[in-house]
Amino acid sequence: MANYLRLDRITKSFGSFTAVSDATVDIAPGEFTTLVGPSGCGKTTLLNIVAALERPSSGAVMIDGKDVTQLSARERGIAMVFQSYALYPHLTIRQNLGFPLRVQKVAKPERERRVREVAELVEIGHLLDRKPRELSGGQRQRVAIGRAIIRPSTVCLLDEPLSNLDAALRVRVRAELKLLFGRMGTTTLFVTHDQSEAMTMSDRIVVMRDGKVQQQGKPLELYQKPANAFVASFIGSPQMNLMEARVDSEGGRALLRAGSLTLPLDDGQAARLGSRRAVTLGIRPEAITINRVPGGASLAARIELVEHLGNSAIVHYRGPAGDQIVGMELLDASIGAGWSGEAWLDPASVHLFDTETTLAL
Amino acid sequence: MLGRLLRDDRKVGLLFLIPGVAALLFTYVVPLLYSLGLSLADWDIRRPGSQWAFAGLDNYLEVLTSDAFWEAGGRSLVYTLVALPVQLVLGTLVALLLTDERINGKLSALTRVLLLIPLMLPPVVLGILWRLLLNVNYGPTNHLLGLVGIEPLTWVSAPDTAMMAVIMVEVISNTCVVAMILIGGILSLPVEPLRAAEVDGAGPLRILFEIKLPQLASYYLIIILIRLMDLLKTFDFIYALTGGGPGEATLVLNLYIYRVGQRFLDYPLASAASWIFLIILLPLSIWLLLRAVSSSREYLND
Amino acid sequence: MTDTTAPLAAPAPAPPVRTRLETLALYVCLFVLLAVIIFPIYWLVLNSLKFQRDFFTNPPVYFPPELTLGHWGEAMGNPLNQRYMLNTAVVAVISTFTATAAGTLCAYVLARIRMRWRLNGILLFAILICRLFPPVSLAIPYYLLMRQFGLLDTQAALVIAYTGLALPFVTWMMLTFFQDLPKEVERAAMVDGCTVVQRFLWVVLPMSVPAMAVSATFVFIAVWNELLYAITLTTLNAKTIPVAIASFVGDNALAWGPMSALSVASFVPVLLLALAAQRYLIRGLTFGAVKG
C-alpha cells in the first residue's frame, strides 16, 4: 500500500538563483519524513517539485522506482496540506472534503460515504454544512488534512500545516498528526522551519540549507552525530555552543583552548584533530553544569542570567575572558545571576568541527 | 486529444486569450491601421466612386500648417492645464472637509455618498443641465450671483467667457472624483503617526503638510494620471454644453477632429489630425503610465 | 524654577469662541458644497416638472406653485424615446457581458499562466496602451469600417465598439483582483487533480463573482452614458438615449421640459447602480490602483 519516494539529484533554478541544488532524498514506504531548515533554504521549493507545482531544472522524482517527473499531481497521486490550508472559500466543508473525489468523478453515494468517514476521523462531523470562514484556525486545519487524506494517495505532503496555530494548539495537533499518519501508514513528507516539530514528529529528518541537503537521518542521530556545524546548531534548543578553539599541548597531552575554557582531549579525539591547529568546538548546553563532573574539565565563570523553565533552567555564563557560554540545569536548582564559581563539563561530550569546511571530525 | 489539450496550461491560456485578443484586434489594431492608411490617402467620400489615392504626408502637412489645428490644440492645453490643478486643490479641500472630525460624522458620510451624483451624471446630461443653469436670461446662476451683487456673466454664450465656463463645469463635476479617491486615502492612513505628532505638539497645518499629504503621494500620482488622460479625452459634455462654440471658442482637439470628420466629412484630414494628436499624447501617457504601474511588475507572471 | 519653563504643562486649551467659529466656518463650507451638488439636480428635476410658462421668466421660478407630469408623458410616451431607451439597455447589457467575459479570461491568463515569448508582459502593455487612445481617434475608422460592413446604425456596431472601449478597463481591474487572490487555493485544486479549465470554472470563477460584478457595474455605467461612438455610429434604429438628449440641443432648443425629463430618466438607473456599488467605487475610479 505505502509507496517509496525518491528525489534523485534535483536542482531547481529561478534565473540566476538556485533554490535547490543537487538534492537527493530517499523516503521509505510509510515513513514520516521532515524537511527542515531556515526560511529560504529551498525546502518548500523541493516540496512543490514533489507536488508537481514546479518542474525541476534537472533531476527526477521517482515513485516506486518509476520516473514521474513529467506527470501532473493527479497522475502522481499526491495529496497535500497547505500552510494557509487553501480551503475553497465558496464551498461548504462537505463540498471541500468531497472536491478531490468530485474531480475524479467518484459517484455521489460513495463520495458521501467517504466524506462522513473522513469527517469522523478528523473530528469535524458537526461542521460539514458550514463555510470555511465560519471555522476556527484549528478546525480549518482539520478540514485541510481531511481533504488531503480522503482519496488514496501515494505520498502526502504537509507544508508547515502547524504554523498558523497558536502555541498550545500546535503542541496538541502535533501529537494528533503523528498518531493519525502513523495509523494510516501513508508515506509522508512534512516541511517545517521549526526543529522541535521536526524532532518530535519525524521518523527521519532531512536538514536543508541554501538549497543543499546537509544531513538526513533519524532525529536522535542528527542530534547526537551532526554532520556539520550548521546541523549541530540548528537541531536542539537551546542551541549548541560553538566556539573557535586553538589546539595546544601540555605535558604531551592535546588541549583545546577557547576563551576561558581549557579542555583536555582523549586520544581518540586528538587523533581526529590530525594536524589541525584550530577547530570549531561544539558543546551542547546540557553538557555544562555547575555540579562537579568526575574526570571533567572546569572553567571559572560567573552566571549572568538564568532562564527558569520550571523543570529545568537555561544558564548563561560569562568567563573571565568575556566569552559567553550557555549551560543547562535539569533540576531547577536555586541558582541565580551573580553566582561565581566553576562550571563543569565532560570532555567526552564535545563535538569537533573543521573550521574551514564545518564538517564534523 | 481534447483531454490532452485541456491539461496543457499554455494551450488553454491561448484559448482563453482568443476573445480578448480578437476584440483588441478588431477594435484597436485594425481601425488604427485603417486610420493610418486613410491619413496618407487622398479620398473624398462625397464624390461617388472616389478611390483612395496615396497622398504621402499631404494631409499631415495640411493639418500642421492649419491655424485651426493649433488653436484647438492650444485650447486643449489650456483646458487641461487649468482644470487639473484647480480640481486637485479643490478636491483636497473637499476631502479634508469631509474627513474633519469637527463635522458631524453622519452628515459627512452622507455628503460622501452625494459626491457620487456629479460623478455618475451622464456627461450629456451634465452638459444639458449646465446649459440650463448658465442660461444668460433665464438661468438661476446669474440670478443667484445677482443676489450677492455680482453682475450677470455671459458664460457659454460669449466666446471670451465660454472656455472659463466649460472649465468650471468640468472642475465642479470632477472635483468629486478627486475628493472621493483622497477621502479613501485619508481614511486609510494609520492613526498612530497623527496622534504621535499631536503629542509632539505639532499644529494642524504642520500635521497636514508634513504627515498627511506626503503619505498620500501615491494617491496623487494615480489621480493625476487618470485625470490627465480623461481631460485630454473629454468630448461628451463639451459637445452637449457648447458644441465647441460659440464660434470655435471651446473647440478642443477632440471636438475639432470630430468636426473635421463628421461635419465636413474630410476623413483623411481628420485621421491625420488624430494621428498627430496621438503622436504628441502617447509618449506622455506611456511615461506616466509606466510610473504609475511600475509597482505592478509583480502583477505579471513574466 | 519650573514655572518659567514648564515643559510638561499641557498647552492651554484654545479659547472656545475660536473653536466654535472654526466649526461654524467648516459647516458653511459643507453647506456650499452640498448646494453645489444638490442644486443642479434639483433644477433638472424641477425643469422636468415645471409648466412651460415657468421656464422663461426672470427671475427664475425656484418653487413653482404648480407642477405637471406633462413633460414626462411627452418624453416617455414618445415611441422613439422608448425605442432609444430599449436600445441603450440592450447595448449596455450585451457589451457589459462580452467585455467582462473576455476581460476576465484575459486577466486570468495574464495573472496566472506564464505564457511563451513573454506574452504576458507584451499583452498587458498593449492593453494599457489601448486604454490611452482618445475615443475620437477611433470614431472615424469605426464609422467608415462599419459603413463598409453594413453595420452602421445597428446595435451590433455599438456592442463591438463598447466591448473594445471597456476591455482594457475590465482586464486591468480583474488582473489586480486575481493578483490579490491567494494562489494556494488554486494550487490545492491543482493537487486535487483539476485541469486549468476545471480550476477556472470550479474554483476561480465562484470566488471572482463580486469583483466581476464591480467591473461590470463600471462598464455598464460608462456604456450607458457614452455619446461619441453612439452619435457617430447610429442615426435612428440603434440610437441611444445620450444621442437623443444631445439632439435636443440642435433640433429644438426650447423643449426644456421633455429634455429634462429624459435626462432624469437616463440618470436614475445609473445612480441606482452606483449607489449599489459605492463601497467598491474607489477601486474602480482609480483603475484598480487603490484598494478602496
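Numbers restart at 1 for each chain; the letters A, B, ... are given by sequence-line order, proteins then strands. What you see is a predicted model, and the numbers here were worked out from it, not measured in a lab.
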Checklist entry - To the nearest 0.5 Å, what is the distance between OH (C:Tyr143) and OH (B:Tyr258)? => result 10.0 Å
Checklist entry - Is it the side chain or the backbone of C:Arg116 that comes within 4.5 Å of chain B heavy atoms, both, or neither? => result both
Checklist entry - Who among C:Leu144, C:Leu34, C:Val270, C:Leu165 has the most heavy-atom pairs with chain B under 4.5 Å? => result C:Leu144
Next on the checklist: Please check: side-chain N/O of B:Tyr28 versus main-chain N/O of C:Ile129, any donor-acceptor pairing under 3.5 Å?
Outcome noted: no
Checklist entry - Can you name the nearest heavy-atom pair linking C:Met259 to B:Leu132, along with the distance? => result CE-CD2, 4.0 Å
Checklist entry - Within the side chain of B:Arg10, is there an N or O that forms a donor-acceptor pair under 3.5 Å with the backbone of C:Arg114? => result yes
Checklist entry - So do B:Pro19 and C:Leu105 actually touch side chain to side chain, heavy atoms under 4.5 Å? => result yes
Checklist outcome for this item: Whatever's closer than 4.5 Å to a heavy atom in chain C on B:Pro140 counts as both
Checklist entry - Knowing that exactly one of B:Leu232, B:Ile286, B:Leu284 qualifies, which makes a side-chain contact (heavy atoms from CB on, under 4.5 Å) with C:Leu132? => result B:Ile286
Checklist entry - For B:Leu38, is it the side chain, the backbone, both or neither that has a heavy atom under 4.5 Å from a heavy atom of chain C? => result side chain
Item to check | Value rounded to 0.5 Å, distance of OG in B:Ser108 from CG in C:Leu26 | outcome: 11.0 Å
Checklist entry - Which heavy atom in B:Val124 sits nearest to a heavy atom in C:Ala246, and how many Å separate them? => result CG1-N, 3.8 Å
Checklist entry - So what's closer than 4.5 Å to chain C heavy atoms on B:Leu278: side chain, backbone, both or neither? => result side chain
Checklist outcome for this item: The interface call for B:Ile117 against chain C, heavy-atom contacts under 4.5 Å, is both
Checklist entry - For C:Tyr42, which residues count as a side-chain contact (heavy atoms from CB on, under 4.5 Å) partner, sequence neighbours excluded? => result C:Phe39, C:Leu46, C:Phe63
Next on the checklist: Rounded to the nearest 0.5 Å, what separates atom CG in B:Leu115 from atom CG in C:Leu33?
Outcome noted: 6.0 Å
Item to check | Side chain to side chain, B:Leu32 and C:Pro141, heavy atoms closer than 4.5 Å | outcome: no
Checklist entry - Tell me, do B:Phe237 and C:Leu227 make a side-chain contact under 4.5 Å, heavy atoms counted? => result no
Checklist entry - Considering only heavy atoms, which portion of B:Leu255 lies under 4.5 Å from any heavy atom of chain C: side chain, backbone, both, or neither? => result neither
Checklist entry - Would you call B:Met120 and C:Phe267 a side-chain contact if the rule is heavy atoms closer than 4.5 Å? => result yes
Next on the checklist: If I measure from the heavy atoms of chain B, does C:Ala139 come under 4.5 Å with its side chain, its backbone, both, or neither?
Outcome noted: neither
Checklist outcome for this item: One should read off an interatomic distance between C:Thr104 OG1 and B:Phe16 CZ, to the nearest 0.5 angstrom, of 11.0 Å
Next on the checklist: For the interface with chain B, which of C:Leu167, C:Leu145, C:Ile245, C:Leu44 has the highest count of heavy-atom pairs at distances below 4.5 Å?
Outcome noted: C:Leu145
Next on the checklist: Is the shortest side-chain heavy-atom distance between B:Leu282 and C:Phe133 below 4.5 Å?
Outcome noted: yes
Next on the checklist: For chain C, which candidate among B:Leu116, B:Asp230, B:Leu121 shows the most heavy-atom pairs at distances under 4.5 Å?
Outcome noted: B:Leu121
Checklist entry - Is it the backbone or the side chain of C:Thr171 that comes under 4.5 Å from a heavy atom of chain B, or both, or neither? => result neither
Checklist entry - Counting heavy-atom pairs under 4.5 Å to chain B, which of C:Leu262, C:Ile38, C:Ile231 comes out on top? => result C:Ile231
Next on the checklist: side-chain contact (heavy atoms from CB on, under 4.5 Å) for C:Glu226 and B:Phe235? Distances and angles first, verdict last.
Outcome noted: CA-CA 10 Å; C:Glu226 208 278 341; B:Phe235 175 86; over 6 Å; no
Checklist entry - Are the side chains of C:Ile140 and B:Ser274 in touch, meaning some heavy atoms are under 4.5 Å apart? => result no
Next on the checklist: Does any backbone or side-chain atom of B:Leu14 lie under 4.5 Å from a heavy atom of chain C? Answer side chain, backbone, both or neither.
Outcome noted: both
Checklist entry - Are C:Thr163 and B:Thr27 close enough, and set up right, to give a side-chain contact (heavy atoms from CB on, under 4.5 Å), and what steps lead you there? => result CA-CA 8 Å; C:Thr163 304; B:Thr27 55; 5.7 Å; no
Item to check | Choice from C:Cys130, C:Pro135, C:Cys194 maximising heavy atom contacts with chain B below 4.5 Å | outcome: C:Cys130
Next on the checklist: Taking the side chain as everything from C-beta on, heavy atoms only, tell me whether B:Leu133 gets closer than 4.5 Å to C:Pro40.
Outcome noted: yes
Checklist entry - Nearest 0.5 Å, what's the CG-CD distance between B:Asp100 and C:Glu22? => result 9.0 Å
Checklist outcome for this item: Okay, C:Leu273 and chain B: the region with an atom under 4.5 Å from a heavy atom over there is neither
Checklist entry - Given a strict heavy-atom distance threshold of 4.5 Å, which part of B:Trp130 is in contact with chain C: side chain, backbone, both, or neither? => result side chain
Checklist entry - Are any of the side-chain heavy atoms of B:Pro122 and C:Pro242 separated by less than 4.5 Å? => result no
Checklist outcome for this item: Of C:Ile37, C:Ile241, C:Leu275, the largest count of non-hydrogen pairs under 4.5 angstrom with chain B goes to C:Ile37
Checklist entry - Got a second to check how far C:Ser137's OG is from B:Leu253's CG, nearest 0.5 Å? => result 11.5 Å
Checklist entry - Using non-hydrogen atoms only, which part of C:Leu30 is less than 4.5 Å away from chain B: side chain, backbone, both, or neither? => result both
Checklist entry - Between C:Asn47, C:Ile160, C:Leu228, C:Thr98, which residue shows the highest count of heavy-atom pairs closer than 4.5 Å to chain B? => result C:Leu228
Checklist outcome for this item: Cut-off 4.5 Å, heavy atoms of chain C, and the answer for B:Leu33 is neither
Checklist outcome for this item: Heaviest contributor of heavy-atom pairs below 4.5 Å to chain C, chosen from B:Ile257, B:Leu97, B:Leu110, B:Leu98, is B:Leu97
